[in-house]
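Just below is one structure, and these are the notes that go with it.
We use all heavy atoms of the structure for the numbers below, so side chains are in, but hydrogens, waters and symmetry mates are not. In what follows, chains are A, B, ... by sequence order, proteins preceding strands, each numbered from 1.
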Number of protein chains: 2
Amino acid sequence: MPTPSMEDYIEIIYNLIDTKGYARVSDIAETLEVHPSSVTKMVQKLDKDEYLLYEKYRGFMLTEKGKKVGERLVFRHELLEDFLEIIGVEKENIYNDVEGIEHHLSWNSIDRLGDLVKYFKEDQQRLDDLKEIQLRKKK
Amino acid sequence: MPTPSMEDYIEIIYNLIDTKGYARVSDIAETLEVHPSSVTKMVQKLDKDEYLLYEKYRGFMLTEKGKKVGERLVFRHELLEDFLEIIGVEKENIYNDVEGIEHHLSWNSIDRLGDLVKYFKEDQQRLDDLKEIQLRKKK
DNA sequence: AATAATTTTTATCTAATGCAAAATTGTTTC
DNA sequence: GAAACAATTTTGCATTAGATAAAAATTATT
């Protein structure tokens, strides 16, 4: 099982490769706001645990295992962002909150949250009713 | 700001005092499943940060600051348990999930989740509709 | 007073990070 | 194309939060 921090790295690497075609130490360091040396160290660990193949100074690619995990992590992240956005959490809180909780929810909870997102997307009236409750106490 | 781990301790201490009238090192160690020595160390830290008053070998009591924080933490914990229970997360996952995420949500998110709990408690039909969605894919 | 239970101290461990210096790779200039 | 310089990556060492384990200190019980 990957630790929360390992999950962060896998997720970001997956996203970078998906959008740019490759991932470099410095990209990751910038995104995660950590030092390059920390990235190198984690990459070496992820290689040891076979989430990616690493050749020093030359880069790395996700293994099948890494891709599979990465895909799920990205799905989970996006679902949680969707959810918080739908229930009306302010934009500036969403990223940090998702970042904080994504590693700590069982897949059972993730599934139920998925249902909930579907519930609200399926019928606008439901969201309107929720918004109405939110407006009440603002007075 | 207390760290996640500090929050765990404050929350449990608050609960113990609330239900038993006092909190001892060994109770906390048992509840949190850590060693007594870890508890002592954290209690000393919480004393330094003025969440509680500590006299070695004699026990400790929450300060006003500690009580205030503890009360909010307990409220937040219960709200999150309510929420996961309502949306149908299995009992055996609820405690761990709440334990994991409670320290990582902004109060903005907590407020919105509060609205959501109210939304479902207010009208049974809404919950029925959600359950209906959940049943769909079970087939 | 002797023994048991609890609490505390000390030393050690792990995961993750930071910083500085060294190694490697990339780029420019001649 | 080679030498000089720049950028990136890696290594080694230090640090932090939190936990463990075993031994020492204190308090409680018989």
For [X], give me all partners under side chain to side chain donor-acceptor pair (under 3.5 Å), at least two apart in sequence or on another chain.
X: B/E122; answer: A/R136
X: B/N108; answer: A/N93
X: B/Y119; answer: A/Y119
X: B/D97; answer: A/S106, A/S109

* Asked: With a 4.0 Å cut-off, would you call B/K118 and B/D115 a salt bridge?
  -> no
Scan nucleotides 19-21 of chain D against the protein and return all N/O pairs shorter than 3.5 Å with their distances rounded to 0.1 Å.
{"from": "D/dA19", "atom 1": "OP2", "to": "B/Y9", "atom 2": "OH", "distance (Å)": "3.3"}
{"from": "D/dA19", "atom 1": "N6", "to": "B/K41", "atom 2": "NZ", "distance (Å)": "2.6"}
{"from": "D/dT20", "atom 1": "OP2", "to": "B/H35", "atom 2": "N", "distance (Å)": "2.9"}
{"from": "D/dT20", "atom 1": "OP2", "to": "B/S38", "atom 2": "OG", "distance (Å)": "3.2"}
{"from": "D/dA21", "atom 1": "OP2", "to": "B/H35", "atom 2": "ND1", "distance (Å)": "3.4"}
{"from": "D/dA21", "atom 1": "OP2", "to": "B/H35", "atom 2": "NE2", "distance (Å)": "2.9"}
{"from": "D/dA21", "atom 1": "N6", "to": "B/S37", "atom 2": "OG", "distance (Å)": "3.1"}

Quick one: do [X] and [Y] end up in the same hydrophobic cluster if we chain Ile, Leu, Val, Met, Phe, Trp and Tyr together by side-chain heavy atoms under 4.5 Å apart?
X: B/I133; Y: B/F120; value: yes
X: B/I94; Y: B/L116; value: yes
X: A/V74; Y: A/L105; value: no

* Asked: If we ignore angles and hydrogens, is there a donor and acceptor under 3.5 Å between the side chains of A/N96 and B/H104?
  -> no
* Asked: Across the strands shown, which category fits B/Y54 at heavy-atom distances under 4.0 angstrom: base, sugar-phosphate, nothing?
  -> sugar-phosphate
Which pairs of donor and acceptor atoms, one on a side chain in residues 76-92 of chain A, lie under 3.5 Å apart (sequence neighbours left out)?
{"from": "A/R76", "atom 1": "NE", "to": "A/E102", "atom 2": "O", "distance (Å)": "3.0"}
{"from": "A/R76", "atom 1": "NH1", "to": "A/E102", "atom 2": "O", "distance (Å)": "3.1"}
{"from": "A/R76", "atom 1": "NH2", "to": "A/E7", "atom 2": "OE1", "distance (Å)": "2.7"}
{"from": "A/R76", "atom 1": "NH2", "to": "A/E102", "atom 2": "O", "distance (Å)": "3.2"}
{"from": "A/H77", "atom 1": "ND1", "to": "A/E11", "atom 2": "OE2", "distance (Å)": "2.9"}
{"from": "A/H77", "atom 1": "ND1", "to": "A/E102", "atom 2": "OE1", "distance (Å)": "2.8"}
{"from": "A/H77", "atom 1": "NE2", "to": "A/E81", "atom 2": "OE2", "distance (Å)": "3.0"}
{"from": "A/D82", "atom 1": "OD2", "to": "A/K121", "atom 2": "NZ", "distance (Å)": "3.1"}

* Asked: For residues 44-53 of chain B, which residues have at least one heavy atom under 4.0 Å from DNA chain D?
  -> B/K45
* B/R24 side, atom CZ; B/I13 side, atom CD1 - distance, nearest 0.5 Å -> 13.5 Å
* Structure fact -> Span of DNA chain C engaged by chain B, first through last nucleotide within the 4.0 Å heavy-atom cut-off, is C/dT7 to C/dA11
* Under 4.0 Å protein heavy-atom contacts per nucleotide of nucleotides 25-30 of chain D, with B for base, S for backbone only and - for none -> BSS---
* Structure fact -> Sorted by number, residues from residues 12-32 of chain B placing a heavy atom under 4.0 Å from DNA chain C are B/R24, B/V25, B/S26
Enumerate, atom names and distances included, each donor-acceptor pair closer than 3.5 Å involving a side-chain atom of residues 31-52 of chain A, sequence neighbours excluded.
{"from": "A/T31", "atom 1": "OG1", "to": "A/D27", "atom 2": "O", "distance (Å)": "2.8"}
{"from": "A/T40", "atom 1": "OG1", "to": "A/P36", "atom 2": "O", "distance (Å)": "3.3"}
{"from": "A/D47", "atom 1": "OD2", "to": "A/Y54", "atom 2": "N", "distance (Å)": "2.9"}

* Asked: Does B/R72 make a cation-pi contact with B/W107 (under 6.0 Å, within 45 degrees of the axis)?
  -> yes
* For A/F75 and A/E71, what are the C-alpha separation, side-chain angles and deciding distance, and is it a side-chain contact (heavy atoms from CB on, under 4.5 Å)? -> CA-CA 6 Å; A/F75 165 79; A/E71 195 185 353; 5.9 Å; no
* To do: Only counting residues at least two apart or in another chain, list the ones meeting side-chain contact (heavy atoms from CB on, under 4.5 Å) with B/E64.
  => B/K67
